[in-house]
Amino acid sequence: MTRSCLQLLIDLLTEWQIHRTRLVTKDGHCNIEYANVRYSSLLAYMLDIWTTLVEISWSFVMFLFTASFLITWFVFGLLWYWIARDHGDLSWQNPPDFLNACVVNVTGLTAAFLYSLETQTFIAYGWRAITTLCPGAVTVYVIQVILGTIITCFWGGVVTAKISLPRRRAKAIVFSEMAVICCRHDALCLKIRVANIRKSLMIGTQIYGKLIKTTVTPEGETIIMDQVNIDFRVETGKDNLFFISPLTLYHVIDRKSPFFEMAADNLHQQDFELVVFLDSVATYTSLSCQVRTSYVPKEIMWGYQFLPIITRSKEGKYRVDFSNFARVVPISTAHCAYCFHSEREQHHHSIHGTVNEGFEMIETSAF
C-alpha cells in the first residue's frame, strides 16, 4: 500500500513537471513568458483595449463593467451636485422655491448621485427632473446621455464577442491523450486520433504538426526551439477532410521523418515535443478556429494500435463508440524504423530476387 502511494506521488510529480516544462499544454495553451520587453506592457494592452477585454477572464470583465458605470455615475453626480450648489438649490442653502431649481429635488450629494444614475440608465422615476433654467445643466445632461449610450453599446459588444469566441467552439474538438506507433499498409506510422463531439460540421479542416526540439547546427549554433514540419494524413488525403466522425491521423515514418532515428527503447529518453494543429471553420458561425495539443516522448506508445471506434448497426446506421476513443492494444511492431525498412527490403528481395549489375551470362560448349 505504501509503495503504491509512493508510486502515485511520483507519477503526479512527473506529470506536474511535464506540464510545467512543455511548450504547449494538452488543452492548447502556450507555456511561454516574455522578459525584458522594451515598451511598457500596460501601454501595449491599453492601445489595443478591445483585444485585451476580449481575451481577459470574465471576472475582470465584470469588474471593469461595474467600475465603468459606478465611476461615471459618481463623476456626473459630482457635476450635478456642483450645478445645484452653484445655483443655490441645496437644502443647506435654503432655496426659495424648488420649482426654480436647475434640477428639481437635487438637494444633496446622495440625491445628485441618484439623479446621475437615473439619467444614464434612462429610469426617469419622475421625482427628480431637469428644468430649462440652466443651459449648462442641459449640456451636462446631453453629454451624460450620449456617454451612457456609448458605454452600454461598448460593453454589449465586448460580451457578444467573448460569447462568440471561436475557442469556445474549439473546446468541442478533442485529441487522444496518447499517440501510438505501429504498422499501417506496409508503412511504419505515428497515429493520433481527433474527434468533433458536436454534430455541427467543421469545414476547410487542415491538420499539420511541428516537432519542437533543441538542435545544434554544424556551425555550433544552438537553436532552442527548432521547428520541423510533420505531415499528417488520413485515408482521404491531407486536404478537404470530411470531419463528420473521429479521424485517425497518421504520419509515415520514412527516411525523411525525424522519427526515423528513434527506436522503442530510446523513444522515452528523447527530448522533443510534437505539437499538432487543427485549423477549421465552423459552419454555423463561419468563424475560423485553431485547436492545438502536444505530445512529449512519454505520451507516445511504440507498438500499440487504437481500437476501432466506428461501427454499423443492423439498421445500417453508423455509430461512434467514444469509449474506445483513447483505448489501445499492443500489436507486433518493428523495434525501430531502420529495422522495419530493412526487413521490408529483405522481404522484397527474397520474393523478387536481386539485380547483380556485374553478372554476365556466357555460353559454354559441352564436351
**salt bridge (Lys or Arg N to Asp or Glu O under 4.0 Å) contacts touching residues 118-143 (sequence neighbours left out)** = E118-R128
**Complete:** residues 146-160 vs side chain to side chain donor-acceptor pair (under 3.5 Å), sequence neighbours excluded, gives S68-W155
**Request:** Determine whether I207 and I192 make a side-chain contact, defined as any pair of heavy atoms from C-beta on separated by less than 4.5 Å.
**Result:** no
**Request:** Write out all pairs satisfying salt bridge (Lys or Arg N to Asp or Glu O under 4.0 Å) with one or both partners inside residues 200-214, taking only residues at least two apart or from two chains.
**Result:** none
**Item:** Atom pair CG/CD of L278 and Q290 - distance to nearest 0.5 Å
**Value:** 8.5 Å
What donor-acceptor contacts under 3.5 angstrom involve side-chain atoms of residues 257-266, with partners at least two apart or in another chain?
from : atom 1 : to   : atom 2 : distance (Å)
S257 : OG     : H251 : NE2    : 2.8
S257 : OG     : F259 : N      : 3.2
N266 : OD1    : A263 : N      : 2.7

**Residue list, ring pair (Phe, Tyr, Trp, His ring centres under 6.0 Å) with Y208, at least two apart or on another chain** = F277
**Check: R22 side chain, S294 main-chain N or O, donor-acceptor pair, under 3.5 Å** = yes
**Asked** Between K191 (side chain) and Y304 (backbone), is there a donor-acceptor pair under 3.5 Å?
**Response** no
**Request:** Given ring-ring contact (aromatic ring centres under 6.0 Å, His included), test W50 with F154 step by step and report yes or no.
**Result:** CA-CA 9 Å; W50 179 263; F154 176 80; 5.7 Å; yes
**Asked** Would K26 count as a cation-pi partner of Y295, with NZ or CZ less than 6.0 Å from the six-membered ring centre and within 45° of the ring normal?
**Response** yes
**Fill in**
Taken in chain and number order and not counting sequence neighbours, the residues that satisfy disulfide (SG to SG under 2.5 Å) with C134 are C102
